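Computed from a predicted structure; not experimentally measured. Counting starts at 1 for both ligands and their atoms, following the listed order.
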Amino acid sequence: MDEFAFIERMKQSAYRQSSLVKGVGDDAAVFRQSARDIITTADTLLEGVHFSRTMMNPFYMGYRALAANMSDIAAMGAKPAFYLVSIVIPDSCSDDELNSIYRGMSSAASSQHMDLIGGDTVSGNELSIAITVIGFVAQDKARYRSAARSGDFVFVTGTLGDAAAGFHMLNTPKGYTDRTHYENSHCMPQIRSDFATRLESLNRVALNDISDGIANEVNEIAEASNVGITIYDDWLPTRSSFTQFSMDQQRNWKLYGGEDFELIGTVAEKEWETLKLIAANTNTQLTHIGYAEPSENNGHHVTLIDHADHKTPLLKKGYTHRSSDKNG
Ligand SMILES: Nc1ncnc2c1ncn2[C@@H]1O[C@H](COP(=O)(O)OP(=O)(O)O)[C@@H](O)[C@H]1O
Ligand SMILES: Cc1ncc(C[n+]2csc(CCOP(=O)(O)OP(=O)(O)O)c2C)c(N)n1
Ligand SMILES: [Mg+2]
Ligand SMILES: [Mg+2]
Ligand SMILES: [Mg+2]
């Protein structure tokens, strides 16, 4: 299949978003907006770094690539609408493999009625999927990492460490229970878009998504908001079958694992009940995991309190590119 046949094949036959004026087929796409703020994000998934072609079915590569980008839109409290895909395709990638990657993206897109409106196709040595997503939010309702205030409740959606456990299971074919859940958490992460867009009714929310591990993301909120944060280890939500893993694995995966694509944030105590209602109405597990506090000497420290009441600093450590300190 040549480049032009490939583009024709990947093109949607109809579009879902009413604000789209021009989709795939010209030099660029056009959409029209008036009253809403526009949110844009880009993330790249690269063979060997984010997925291995021997371990992962191409449908999941596509699904995860778009889901990772949808998660950043959700982390802004916004609704995803459009995506553009720039793909580098090695000669070893078959037409069937390519079709499956696009079917995976299309499956992730359909849950939020998103449209594929453009991209780029290049031949190269390693499979790379770089996606841009465009979303919308009511004016001034984008949710920033800098919005946390002392006294806020810190919350997280879903359970932690499942994607890292799933990645471990995919590399360890024997043993373990509840495999389907963990492997799906890695291959087809559930993005909290519905929960995130319903946050529009709240006055103030700080929000971040967990791509690199909660230790990293909670520190990003503390830094951006210039607050201290205390997290209670016992309150961190994990799945009941998570106890099948060693204590070291549990600790490492829930704090530093990454790729859970759950949301972590803070709200004022007086908005906690409304937040609980939004979670219940969107079928989202919601857990109160700690508190935001005044910053100490202008330091934005995150503290982890364990079951024996011991306090340790929770350092900004997780999956980091261009660093030798990788825990993912
Ligand atoms: N190569 C780059 N050029 C410009 N901006 C970048 C680049 N890489 C990351 N950013 C920006 O830096 C910020 C943090 O990026 P990142 O850590 O990847 O966030 P996330 O973990 O939410 O994906 C974002 O605003 C992102 O757009
Ligand atoms: C083959 C393979 N090795 C390692 C990982 C683990 N891993 C890769 S990237 C990553 C963190 C998230 O990716 P990043 O590019 O940092 O996303 P962003 O923070 O920009 O959203 C993790 C945990 C994986 N998914 N697959
Ligand atoms: Mg990124
Ligand atoms: Mg993010
Ligand atoms: Mg990252």
Q) From atom 5 (N) of ligand 1, is the closest protein heavy-atom distance below 4.0 Å? A) no

Q. Hey, do the aromatic rings of Phe82 and Tyr15 have their centres closer than 6.0 Å?
A. no

Q) Side chains of Gln285 and Thr159: do they bring a donor and an acceptor to under 3.5 Å? A) no

Q: Would you verify that at least one protein heavy atom lies under 4.0 Å from atom 15 (O) of ligand 1, or report that none does?
A: no

Q: Of the side chain and backbone of Thr41, name the one, both, or neither that has a heavy atom under 4.0 Å from an atom of ligand 1.
A: neither

Q) What protein heavy atom sits nearest atom 22 (O) of ligand 1, and how far away is it? A) Asp72 OD1, 2.9 Å

(Q) With a 6.0 Å cut-off on the ring centroids, do Tyr182 and Phe245 count as close? (A) yes

Q. Is it true that a side-chain atom of Glu269 and a backbone atom of Gly151 form a donor plus acceptor pair closer than 3.5 Å?
A. no

Q: Could you check atom 21 (O) of ligand 1 against the protein and tell me its nearest heavy-atom contact, residue, atom and distance included?
A: Ser211 OG, 3.4 Å

**Q.** Flag for Ser100-Arg103: side-chain donor and acceptor within less than 3.5 Å
**A.** yes

Q: Among the N/O/S atoms of Asp43, select the one at the shortest distance from the Mg ion (ligand 3) and name it.
A: OD1

(Q) Below 4.0 Å, non-hydrogen atoms only: which portion of Arg145 touches ligand 1? Side chain, backbone, both or neither. (A) side chain

Q) Among Asp209, Thr41, Ile191, which residue meets the side chain to side chain contact (heavy atoms under 4.5 Å, CB included) test with Met70? A) Ile191

Q. Any protein heavy atom under 4.0 Å from atom 12 (O) of ligand 1?
A. no

**Q.** Heavy-atom nearest neighbour in the protein, as seen from atom 18 (O) of ligand 1, with distance rounded to 0.1 Å
**A.** Asp43 OD1, 4.3 Å

(Q) For the residue pair Arg53 / Ser92, report whether a side-chain donor-acceptor contact shorter than 3.5 Å exists. (A) yes

